[in-house]
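Report on the following structure.
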Amino acid sequence: MIVMKDVYKKYPNGVVAANGINVEINRGEFVYVVGPSGAGKSTFIKMMYREESPTKGDILINGINLATLRNKRVPLLRRQIGVVFQDFKLLPKLNVYENVAFALEVIEESPKVIRKRVNEVLALVGLTQKARMFPNELSGGEQQRVSIARSIVNVPKVVIADEPTGNLDPDTSWEIMRIFEQINALGTTIVMATHNKEIVNTMRHRVLVVDGGMITRDEDEGVYGYES
Ligand SMILES: Nc1ncnc2c1ncn2[C@@H]1O[C@H](COP(=O)(O)OP(=O)(O)OP(=O)(O)O)[C@@H](O)[C@H]1O
Ligand SMILES: [Mg+2]
């Protein structure tokens, strides 16, 4: 599903944020990406949806080689990947329903499909009753649920999340994690960067430890831990 081969990333300021990453993530896996601040977790994730490009190396997402992917084909890639951010990134002038529908409107889905899918995913994240509310009328946890709904509405094969519980209190974080578990149980691959030790050690999944731009550990059912 996701393959990185000898991936190296040097930012224009000279910082090396990926220093020889080799990894394979299979269909249906749930993978945590942990490691100290500045380790390169966000860079690793951004390269998967081509927010950043590697300086060297190959990245394949579901058979699409990002190195040779033309810019005009990036929307094709984005259709296979849902992305969830720490700060939600909802459109403030659109209500919940519209925020989620937008992801399908840009790919020109039919109004009938849009209505059906948006209602399905809003039900999945438990927001049917709040469809007409605006982002600033919602709690942080609700906003994150909208952003998860948006990320899965076009049925991507992979959902990538960068610290999705980073701005949420512990109880709300668990609610959000249960939604990710549910999405994963439906067959979607999940890659999640997190600093949340309790979550990683309780909802056990594969753990990649990133440090100094390298994967220093890779364990199934791993625990949160790294030398820093
Ligand atoms: N756009 C950029 N330009 C230059 N350097 C950058 C850029 N983005 C990140 N870096 C640097 O690359 C390194 C890795 O950053 P990255 O954001 O990937 O770390 P991280 O593991 O996600 O950290 P955190 O846990 O704090 O989110 C850091 O040294 C950072 O300063
Ligand atoms: Mg980060």
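Ligands are counted one by one from 1 in listed order, and the atoms in each one are counted from 1 as well.
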For this session: Indicate whether atom 30 (C) of ligand 1 is within a distance of less than 4.0 angstrom of some protein heavy atom.
Result: no

For this session: For Val15, take its heavy atoms, then give the atoms of ligand 1 lying under 4.0 Å from any of them.
Result: 11 (C), 12 (O), 13 (C), 29 (O)

Exercise. Do Ile179 and Val159 share a hydrophobic cluster (ILVMFWY, side-chain heavy atoms under 4.5 Å, transitive)?
Worked result: yes

For this session: Indicate if Ile152 and Val155 have the same hydrophobic cluster label, given that clusters are the connected sets of ILVMFWY residues with side-chain heavy-atom separations under 4.5 angstrom.
Result: no

Exercise. Can you check whether Ala39 has an N/O within less than 3.5 Å of an N/O in ligand 1?
Worked result: yes

For this session: Report the part of Asn13 (side chain from C-beta onward, or backbone N, CA, C, O) that has a heavy atom under 4.0 Å from ligand 1; answer both or neither where that applies.
Result: side chain

Exercise. What distance separates Gln86 CD from Asn167 CG, expressed to the nearest 0.5 Å?
Worked result: 4.5 Å

Problem set entry | Distance filter under 4.0 Å to Ala17 heavy atoms, resulting ligand 1 atoms | 12 (O), 13 (C), 14 (C)

Problem set entry | Taking atom 16 (P) of ligand 1 as the reference point, the nearest protein heavy atom with its distance | Thr43 OG1, 3.7 Å

Exercise. Asn184 side chain to Phe180 main-chain N or O, any donor-acceptor pair under 3.5 Å?
Worked result: no

Exercise. Nearest protein heavy atom to atom 26 (O) of ligand 1, by residue and atom, and its distance?
Worked result: Ser37 OG, 2.5 Å

Exercise. Heavy atom of Gly38 under 4.0 Å from ligand 1?
Worked result: yes

Exercise. Taking both backbone and side-chain atoms of Gly40, is any N or O found less than 3.5 Å from an N or O belonging to ligand 1?
Worked result: yes

For this session: Salt-bridge test for Asp218 and Arg206: reply yes if a basic N is under 4.0 Å from a carboxylate O, no otherwise.
Result: yes

For this session: State if His195 counts as touching ligand 1 under the rule of any non-hydrogen atom under 4.0 Å.
Result: yes

Exercise. Would you say Thr43 reaches the Mg ion (ligand 2) with an N/O/S atom under 2.8 Å?
Worked result: no

Exercise. Is Ile190 linked to Ile59 within one hydrophobic cluster, defined over Ile, Leu, Val, Met, Phe, Trp and Tyr using a side-chain heavy-atom separation of less than 4.5 Å?
Worked result: no

Seminar exercise, completed: Of all protein heavy atoms, the one nearest atom 9 (C) of ligand 1 is Tyr11 CE1, 3.4 Å

For this session: Report, in ascending order of atom number, the atoms of ligand 1 lying under 4.0 Å from any heavy atom of Ser42.
Result: 17 (O), 18 (O), 20 (P), 22 (O), 27 (O)

Exercise. When you check the side-chain N and O atoms of Ser147 and Gln144, is any donor under 3.5 Å from an acceptor?
Worked result: yes

For this session: Could you tell me if any non-hydrogen atom of Gly213 lies under 4.0 Å from any atom of ligand 1?
Result: no

Exercise. Does NZ or CZ of Lys56 come closer than 6.0 Å to the centre of the six-membered ring of Tyr8, within 45° of the ring's axis?
Worked result: yes

For this session: Could you tell me whether the side chains of Arg50 and Asn71 share a donor-acceptor contact shorter than 3.5 Å?
Result: yes

For this session: Please determine if Glu52 has a nitrogen or oxygen closer than 3.5 Å to a nitrogen or oxygen of ligand 1.
Result: no

Seminar exercise, completed: Glu163 heavy atoms within 4.0 Å reach ligand 1 at atoms 25 (O), 27 (O)

Exercise. With a 4.0 Å heavy-atom cut-off (strictly under), which part of Pro36 contacts ligand 1: side chain, backbone, both or neither?
Worked result: backbone

Exercise. Is it true that Arg117 and Glu120 make a salt bridge, defined as a side-chain N closer than 4.0 Å to a carboxylate O?
Worked result: yes

Exercise. Parallel, tilted or perpendicular: which fits the ring planes of His205 and Phe30, with parallel below 30° and perpendicular above 60°?
Worked result: parallel

